[in-house]
Asker: 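Here it is, the structure in full.
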Amino acid sequence: MERLQKYLSNCGVASRRKSEELIKEGRVSVNGKVIDELGYKIDTNDAVCVDGVNVNREEKVYYLLYKPEKVISTVKDDKGRTTVIDLIDTKEKIFPVGRLDYDTSGLLLLTNDGDLTNLLTHPSHNIEKVYYAKLNGIIKSSDIKELEKGVIIDGVKTKKAYAKIKKIDKKNNKSYVEIVITEGRYHQVKNMFLSVGYEVIKLKRTNYAFLDLTNLKIGEYRKLTPKEVKKLYSLK
């Protein structure tokens, strides 16, 4: 027996959280009966449909994308903008693991594996994400220390981080900083820098756990190796 939302996620319909929303909206049926309770369990013989379309378990696929700027980190966009799904040639119903802002580039994972997505996005696992930020202004060492200790965003203090000044451009009044965080709050990196007085002009995620962008150009992607997938599952 398996929870319905977990089954939907494992079939690549959507993430676990989004699958729960589909159920609560009454869009999921089992053996012809609409199910709107999250605790409902199914077995291998049950016929599951979403919006009247039969759902079958898919082969698990895993992609690492070098996301360009001005691309949406969603499955689809009601404004007709390019999404990260549009950049990957696959017949499987994949979805992004977490998100990167519209104007942020860099490393993004996509998969139809709901269990791995849930593991990687759960805040208790403290997975490191590395960002490279171009700032307006010359950042001070004291501000770097503030970022590392944690700053208050929307009334909540961020977890300890690591930050390092990579380059100072005094002529153009710009700073380049590498920052490592273990959270994934909305606009977190931008808001962290804003909290100490600096606007982020450009932002790129260069690393996710042990993964990086080696041998990829902007807009390119590759499949993860079985060894990489296994290593991601071990990040607990």
Side-chain angles (χ1 to χ4, degrees), residues 1-31 33-65 67 71-77 83-100 106-129 182-186 205 208-211 221-236:
M1 301 288 283
E2 184 177 25
R3 288 183 180 272
L4 182 55
Q5 62 264 39
K6 182 178 180 181
Y7 176 81
L8 293 175
S9 180
N10 285 336
C11 287
V13 172
S15 66
R16 187 85 62 88
R17 186 175 300 174
K18 181 62 177 177
S19 294
E20 291 176 350
E21 292 177 11
L22 293 174
I23 294 170
K24 288 188 286 187
E25 291 168 2
R27 296 168 60 184
V28 182
S29 65
V30 178
N31 301 326
K33 178 184 176 182
V34 173
I35 304 298
D36 57 9
E37 58 181 284
L38 298 182
Y40 193 87
K41 293 185 177 181
I42 62 170
D43 61 32
T44 54
N45 296 318
D46 287 326
V48 179
C49 294
V50 176
D51 295 332
V53 179
N54 190 51
V55 174
N56 295 309
R57 196 181 296 272
E58 296 179 323
E59 176 188 356
K60 297 292 185 294
V61 291
Y62 309 86
Y63 295 97
L64 188 161
L65 170 70
K67 176 192 170 297
V71 173
I72 303 293
S73 295
T74 56
V75 174
K76 54 185 177 182
D77 180 60
T83 74
V84 290
I85 306 301
D86 297 327
L87 303 180
I88 297 180
D89 183 16
T90 178
K91 63 180 181 178
E92 310 295 349
K93 296 177 181 178
I94 59 174
F95 44 83
V97 178
R99 67 188 301 276
L100 288 178
L107 196 159
L108 184 68
L109 298 177
L110 299 100
T111 183
N112 57 357
D113 187 338
D115 286 337
L116 181 61
T117 299
N118 192 53
L119 184 155
L120 295 178
T121 55
H122 198 284
S124 68
H125 294 141
N126 296 317
I127 295 173
E128 290 190 347
K129 280 86 71 173
T182 57
E183 300 173 281
R185 292 160 62 180
Y186 185 64
R205 183 156 72 186
Y208 189 100
F210 59 89
L211 297 167
Y221 64 91
R222 68 172 178 84
K223 284 188 174 183
L224 295 185
T225 66
K227 183 177 180 180
E228 288 173 330
V229 174
K230 184 177 180 180
K231 193 170 181 179
L232 285 173
Y233 261 107
S234 71
L235 298 176
K236 298 181 181 180

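All residue numbers refer to positions in the sequence shown, counting from 1. Just so it is clear, the model here is predicted, and its values are computed rather than measured.
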Asker: So does Gly26 get a backbone contact from the side chain of Asp36, meaning a donor-acceptor N/O pair under 3.5 Å?
Answerer: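 The answer is no, because no donor-acceptor pair under 3.5 Å joins these two groups.
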
Asker: Can you tell me how far the CZ atom of Arg99 sits from the CD1 atom of Ile72, to the nearest 0.5 Å?
Answerer: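 Reported value, rounded in 0.5 Å steps: 8.0 Å.
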
Asker: Nearest 0.5 Å please: distance from the CG atom of Leu65 over to the NZ atom of Lys67.
Answerer: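 With rounding to 0.5 Å, CG (Leu65) is 8.5 Å from NZ (Lys67).
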
Asker: Measure the CG-SG distance between Asn56 and Cys11 for me, rounded to the nearest 0.5 Å.
Answerer: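 Taking CG in Asn56 and SG in Cys11, the distance rounds to 7.0 Å.
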
Asker: Any idea which heavy atoms bring Ser9 and Ser19 closest together, and the distance?
Answerer: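 Heavy atoms only, the tightest pair is N-OG, 3.7 Å.
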
Asker: State, with a plain yes or no, whether a side-chain heavy atom of Val84 is found less than 4.5 Å away from one of Leu100.
Answerer: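 With C-beta onward as the side chain, the pair stays apart.
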
Asker: Quick one: does Leu224's side chain get under 4.5 Å of Thr111's, heavy atoms only?
Answerer: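 A side-chain contact under 4.5 Å is absent here.
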
Asker: Using a 3.5 Å distance criterion without hydrogens, assess whether the side chain of Asn54 forms a donor-acceptor pair with backbone atoms of Ala47.
Answerer: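 Checking the backbone N and O of Ala47 against the side chain of Asn54, no donor-acceptor pair under 3.5 Å is found.
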
Asker: Would a 4.5 Å heavy-atom cut-off, applied to side chains only, mark Val55 and Tyr7 as touching?
Answerer: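 A side-chain contact under 4.5 Å exists here.
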
Asker: Got a second to check how far Thr74's OG1 is from Lys18's NZ, nearest 0.5 Å?
Answerer: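 Thr74 atom OG1 to Lys18 atom NZ measures 10.5 Å (nearest 0.5 Å).
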
Asker: Is there a donor-acceptor pair closer than 3.5 Å between any side-chain N or O of Arg205 and the backbone N or O of Leu107?
Answerer: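 Looks like yes, one N/O pair under 3.5 Å.
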
Asker: For the side chain of Gln5 and the backbone of Leu38, is there at least one donor-acceptor N/O pair under 3.5 Å apart?
Answerer: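 Looks like yes, one N/O pair under 3.5 Å.
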
Asker: Looking only at heavy atoms, which two atoms of Ile88 and Tyr221 are closest? And how far apart?
Answerer: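 For Ile88 versus Tyr221, the nearest heavy atoms are CA-CE2, 3.8 Å.
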
Asker: Mark yes or no: Lys231 above the aromatic ring of Phe210, with NZ or CZ under 6.0 Å from the six-membered ring centre and no more than 45 degrees from the axis.
Answerer: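 Yes - Lys231 lies over the ring of Phe210, closer than 6.0 Å to its centre and within 45° of its axis.
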
Asker: Taking atom NZ as the centre, does Lys93 end up with more than 12 heavy-atom neighbours from other residues, nucleotides or ligands that are less than 6.0 angstrom away?
Answerer: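 Open: at most 12 neighbouring heavy atoms sit under 6.0 Å from NZ of Lys93.
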
Asker: Does CD in Glu2 sit with more than 12 non-hydrogen atoms of other residues, nucleotides or ligands closer than 6.0 Å?
Answerer: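 Atom CD in Glu2 is packed in, count exceeds 12.
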
Asker: Between Val97 and Leu108, what is the shortest heavy-atom contact and its length?
Answerer: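 Scanning both residues, the minimum pair turns out to be O-CD1, 3.8 Å.
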
Asker: Can you list every side chain to side chain donor-acceptor pair (under 3.5 Å) pair that touches residues 113-126, not counting sequence neighbours?
Answerer: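 Residue pairs with at least one partner in residues 113-126: Arg16-Asp115, Tyr62-Asp113, Asp113-Tyr233, His122-Ser124, Asn126-Lys159.
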
Asker: Excluding sequence neighbours, so at least two apart, what forms side-chain contact (heavy atoms from CB on, under 4.5 Å) with Arg27?
Answerer: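 Counting only residues at least two positions away or on another chain, Arg27 forms a side-chain contact (heavy atoms from CB on, under 4.5 Å) with Leu22, Glu25, Asp51.
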
Asker: Does the side-chain contact (heavy atoms from CB on, under 4.5 Å) test come out yes or no for Leu211 and Leu109, once each step is laid out?
Answerer: CA-CA 10 Å; Leu211 297 167; Leu109 298 177; 3.8 Å; yes

Asker: Could you grab the distance from atom CG of Leu119 to atom OG of Ser234, nearest 0.5 Å is fine?
Answerer: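 Between atom CG of Leu119 and atom OG of Ser234 there are 9.0 Å.
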
Asker: Looking at Lys76, is its backbone amide N or carbonyl O close enough to the side chain of Thr83 to form a donor-acceptor pair, meaning the two atoms are under 3.5 Å apart?
Answerer: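 No.
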
Asker: Could you tell me the separation between the OH atom of Tyr208 and the CG atom of Leu232, rounded to the nearest 0.5 Å?
Answerer: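 Interatomic distance, Tyr208 OH to Leu232 CG, rounded to 0.5 Å: 7.5 Å.
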
Asker: Is Glu20 salt-bridged to Arg17, cutoff N-O under 4.0 Å?
Answerer: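 So Glu20 does not pair with Arg17 through a salt bridge.
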
Asker: When you compare the side chain of Tyr40 with that of Val28, does any pair of heavy atoms fall below 4.5 Å?
Answerer: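 Not in contact.
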
Asker: Quick check: does any side chain N or O of Thr182 sit under 3.5 Å from a backbone N or O of Ile127, one acting as donor and the other as acceptor?
Answerer: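 Not confirmed, Thr182 side chain does not pair with Ile127 backbone.
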
Asker: Of all the heavy-atom pairs spanning Pro96 and Val75, show the shortest one and how long it is.
Answerer: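 Heavy atoms of Pro96 and Val75 come nearest at CD-CG2, 4.3 Å.
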
Asker: Which residue is it: Ile42, Asp46, Asp43? I am looking for the one with a side-chain contact (heavy atoms from CB on, under 4.5 Å) to Met1.
Answerer: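 One option only clears the test, and that one is Asp43.
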
